[in-house]
There are 2 protein chains.
Amino acid sequence: MTETRRRGRRPSGADTKTALIEAATEAFAAQGYDKATVRDIAGRAGVDPAMVNHWFGGKEGLFAAAMQIPVNPAEIIEGALRGGREHAGEQLVRTFLHVWDTTGGGVFAGLVRSVAGHELAAKLLREFVTRFIFGRLAKEIGADRPELRGALTGSQMVGLGMMRYVVKLEPIASADHDTLARAIGPTIQRYLTGDIDI
Amino acid sequence: MTETRRRGRRPSGADTKTALIEAATEAFAAQGYDKATVRDIAGRAGVDPAMVNHWFGGKEGLFAAAMQIPVNPAEIIEGALRGGREHAGEQLVRTFLHVWDTTGGGVFAGLVRSVAGHELAAKLLREFVTRFIFGRLAKEIGADRPELRGALTGSQMVGLGMMRYVVKLEPIASADHDTLARAIGPTIQRYLTGDIDI
DNA sequence: GTCTATACAACGATAGAC
DNA sequence: GTCTATCGTTGTATAGAC
């Protein structure tokens, strides 16, 4: 009785990406990142698990897409470390600004709204940030207390986003990337590699 | 024909404070801080302008109350500058944590929600922060580019609040004040008095 | 009778008109 | 430069709650 799905390209109209994102949103929200499985999500969406790789580059990408975060975690890390660890601070600021300026500030504001409004969204963002971005970045840098360093880094980056995209406080809202990178870069650099006086 | 209001204590039930806050919320929202006058607000509330001073300590206090910000601006400044300008960074972090830990993180989250959701709230917060807290603090310190310094300081403080009270990312969410003051204090100190490499 | 929330009057500062 | 209107704030007397 198990109807075998036909191979090959499907008839158009079945939006595989959308179906996957919807199924993933439910699954991640209900079970968290670890417990939600790609196979289960693909099953709910009625598509092959390989589609996750094809469309989102893997489980991480699907998670980011489900959270409506226009960021590929790997790109953030790579962008920050380009130029060596002694420039990671400035580079991270530049990468952050590039990503969100391109996306449009409204998306950031929307993310903040959902995080501030729903405990569930906060939990998912917590998991996302911890696991993919700042924790990994701190470990990549190779310093002590990577969780604290990552969280401190996150606090400054989120604060930057709040000022630039949500509160729109001048002169941060309109400042060019160079100015902000030079002003905030050293803060991130210290959080990542400096002496944070534990 | 002008009916002179009776002096003396009013019959109970007439809540002057609430009436003032409601009138102030409307007035500040409609006209901004400068254009809204104490006299007009008191008039709308049907009470004497002197009540603003009596209940809120002045126009600033009424504004803070209308914004539901449990912070007396003057206290922030005073708390940060206690100990001299070379310790203003650490002190500001400590004062910030003391105020919001006492209030309860939920209030901070609510403020973020309203700011992220309503452009009007963002505008008022912008005005509040610019005028009363960071701008004044930066000028009090006496450095160049006070607006940029104030905005940078604000970005780190707001980010700290987001991590501790909204996202609740560990280890920031549970860290003691000393740890955070030592970790973040130098950032604020540099923003306020250091070389921000313009 | 005491306490306090209140109204009224007046002050110094400030901004704009002329 | 002066005059005026209006602002935020302060001092003080009083009426009513307790």
Side-chain angles (χ1 to χ4, degrees), chain A residues 167-171, chain B residues 1-82 85 88 91-92 95-96 98-100 102-103 107 111 114-115 118-151 153-154 157 192:
Chain A
V167 181
K168 292 172 184 157
L169 181 71
E170 298 294 351
Chain B
M1 270 297 105
T2 56
E3 178 195 346
T4 59
R5 284 171 301 213
R6 300 192 315 280
R7 288 198 205 186
R9 188 166 179 168
R10 280 191 173 179
S12 81
D15 193 340
T16 300
K17 280 173 70 175
T18 303
L20 273 174
I21 286 181
E22 283 178 7
T25 302
E26 288 180 26
F28 285 129
Q31 314 172 36
Y33 183 82
D34 276 322
K35 297 208 147 189
T37 71
V38 169
R39 300 179 116 93
D40 175 55
I41 292 169
R44 293 196 205 193
V47 302
D48 190 273
M51 293 296 96
V52 170
N53 245 275
H54 186 258
W55 286 110
F56 301 99
K59 191 181 184 181
E60 290 187 15
L62 177 59
F63 186 74
M67 289 214 57
Q68 304 187 40
I69 292 179
V71 176
N72 185 323
E75 283 180 21
I76 291 271
I77 313 289
E78 199 202 341
L81 290 180
R82 184 173 304 145
R85 58 168 268 165
Q91 273 304 323
L92 183 58
T95 304
F96 181 90
H98 179 255
V99 167
W100 289 105
T102 305
T103 304
V107 178
L111 192 63
S114 78
V115 167
H118 313 293
E119 177 56 33
L120 191 64
K123 178 184 160 199
L124 285 178
L125 181 71
R126 203 157 50 225
E127 200 164 21
F128 178 78
V129 169
T130 304
R131 179 181 295 268
F132 298 128
I133 308 286
F134 302 116
R136 185 183 293 177
L137 186 65
K139 278 175 187 157
E140 204 84 28
I141 295 277
D144 58 327
R145 310 247 1 216
E147 315 83 12
L148 178 58
R149 292 178 185 277
T153 303
M157 301 309 286
L192 288 177

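The structure displayed is predicted, hence computed values, not measured ones.
- The backbone N or O of B:Tyr33 lies less than 3.5 Å from a partner atom in the side chain of B:Lys59, making a donor-acceptor pair.
- Taking only side-chain atoms of B:Asn53, from C-beta outward, the nucleotide of D:dG8, D:dT10, C:dA7 with the closest atom is D:dT10.
- At whole-Å resolution of the value, CG in B:Asp40 and P in D:dC7 are 8 Å apart.
- Between the CG atom of B:Leu62 and the P atom of D:dC7 there is a distance of 15 Å, given to the nearest Å.
- When the nucleotides D:dT10, D:dG8, C:dT6 are ranked by their closest atom to the side chain of B:Ala50, D:dT10 comes out on top.
- Between the CG atom of B:Asp48 and the C1' atom of C:dT4 there is a distance of 15 Å, given to the nearest Å.
- Proximity note for B:His54 (side chain, C-beta onward) versus C:dA5, D:dT10, C:dA10: the nearest is C:dA5.
- With B:Lys123 contributing its side chain and B:Gly32 its backbone, the two residues share no donor-acceptor pair below 3.5 Å.
- In this structure, of D:dT9, C:dC8, C:dT6, it is C:dT6 that holds the atom nearest to the side chain of B:Trp55.
- Judged by distance alone, with hydrogens and angles left aside, the side-chain atoms of B:Arg39 form no donor-acceptor pair with the main-chain N or O of B:Pro49 at under 3.5 Å.
- Rounding to whole angstrom units, CZ of residue B:Arg39 and P of C:dA7 are separated by 14 Å.
- Across the protein-nucleic acid pair, B:Met51 atom CE and D:dG8 atom C1' stand 15 Å apart, rounded to whole Å.
- Listed for the B:Arg126 side chain is no donor-acceptor partner under 3.5 Å among the backbone atoms of A:Leu169.
- Distances shorter than 4.0 Å separate none of the side-chain N or O atoms of B:Thr37 from OP1 or OP2 on D:dT6.
- Atom pair B:Phe28:CZ and D:dG8:P shows a separation of 9 Å (rounding to whole Å applied).
- B:Asp34 places its CG atom 13 Å from the C1' atom of C:dA15, with the value rounded to the nearest Å.
- Rounding to whole angstrom units, CZ of residue B:Phe56 and C1' of D:dG8 are separated by 16 Å.
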